[in-house]
Amino acid sequence: MEDKQIDELLRKSWQPEPPDGMRERVLNRARCELRPRGLLFPRLAFPRWQVVYVGVSLLIILVCGISNTTRDARLAKLEDSGSPQGFTQVAQRPITLGESRLELNKILKNNSADITGAY
Amino acid sequence: MGDIELRLRSIAADKIMDRPETAEAMLDRIYDQYSRALYRYALAVTNSPEDAEDAVQEVFVRLARAAHRLAKIDNLKSYLFSAMRNSAYSVLRVRQRSGRLNEALQSQVFVESRYAPSEACEEPLIRQAMAKLPLDQREALVLKVFEEMTFKEIADVLGVSINTAASRYRYAVTKLREALEVTDDGR
């Protein structure tokens with residue numbers, strides 16, 4: 001039998017067909033590889049790291065805001081409870097060291113003047 | 001250069017391949033043109049329809065990952081069959097490691113081909129003879145007979161010299177002829 005006859009016989013005798021549904025399975029899987037990688041929200045097309053960055057920033061702002069609000073409330077409560085009249089007193093500005101020395105000198109001067117004045 | 005290669009080149013020039021929907025259309029087209037041949041080749045290597053499908057899927061997954069490089073491929077057919085060979089052998093190695101190699105040896109993919117009432121008596125014989133061929137000879141035979149590749153193309157796919165590719169094909173055909181002639185003599 002000639003080679004060509006054998007080739008022809010072989011082509012005729014073995015004609016395997018791909019299984020049913022193979023096209024959808026193969027192409028669906030392959031199409032997944034075409035989608036951009038690293039997107040947390042593909043529809044928005046933002047990279048994952050940007051979404052995380054913005055999220056963390058917003059969280060920090062929120063936490064600081066809550067912290068500020070609770071601190072102001074706590075301070076207001078303290079000021080209210082410390083006043084005998086029950087009304088809020090304006091907190092005195094703490095004086096500096098220089099200012100306290102001047103005060104002291106003034107007091108000493110007045111005292112010394114009183115003493116000298118007594119004699 | 002085939003029409004798909006020309007189309008790939010023109011698409012790449014417009015950078016349309018950067019768009020997933022265009023790459024999908026190209027993948028569909030490549031699948032429709034080559035899938036049957038690739039599946040047949042994978043089946044000849046793996047002897048298992050499930051493994052052959054897995055191997056074909058792997059090829060198209062890699063093709064999708066390399067979609068932006070498709071335009072640089074000169075011979076898409078050789079590229080696909082080389083990839084197919086690598087994928088099929090990879091599946092065989094996995095099967096060997098998992099101890100399923102006997103399944104392949106017992107597979108009847110060549111013998112259980114569709115039988116038509118008008119089928120000549122040589123057809124089952126030639127399928128049986130093909131099933132008994134060594135893997136390397138069966139590969140060369142399938143690529144030559146079914147894909148009508150040149151020996152140069154077969155050598156590129158198999159990673160051997162042209163002479164080796166031709167020799168494997170010749171040995172395969174000789175064994176098929178002997179199987180048929182034995183039957184003729186026995187009548």
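Letters A, B, ... are given to chains in the order of the sequence lines, protein chains preceding strands, and every chain is numbered from 1. Any value given below was found using the heavy atoms of this structure, including those in side chains, with hydrogens, waters and symmetry copies removed.
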Options B/L63, B/D32, B/V145, ranked by heavy-atom pairs under 4.5 Å with chain A, top entry: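 With the most close heavy-atom pairs to chain A, the winner is B/V145.
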
Residue among A/M22, A/R29, A/Q5, A/E8 with most heavy-atom pairs under 4.5 Å to chain B: A/M22

Donor-acceptor contact below 3.5 Å, side chain B/T174 vs main chain B/R170: yes

Heavy-atom proximity to chain B below 4.5 Å, by part of A/I6: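 Its backbone and side chain both get close to chain B.
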
Side chains of B/S78 and B/K152 in contact at under 4.5 Å (non-hydrogen atoms):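 Of all side-chain heavy-atom pairs linking B/K152 with B/S78, none is under 4.5 Å.
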
B/E139 and B/Y41 side chains, donor-acceptor separation under 3.5 Å: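 Result is yes, a qualifying pair exists.
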
Heavy-atom proximity to chain A below 4.5 Å, by part of B/Y31: side chain

B/L180 versus B/I126, closest heavy-atom pair with distance: CD1-CD1, 4.2 Å

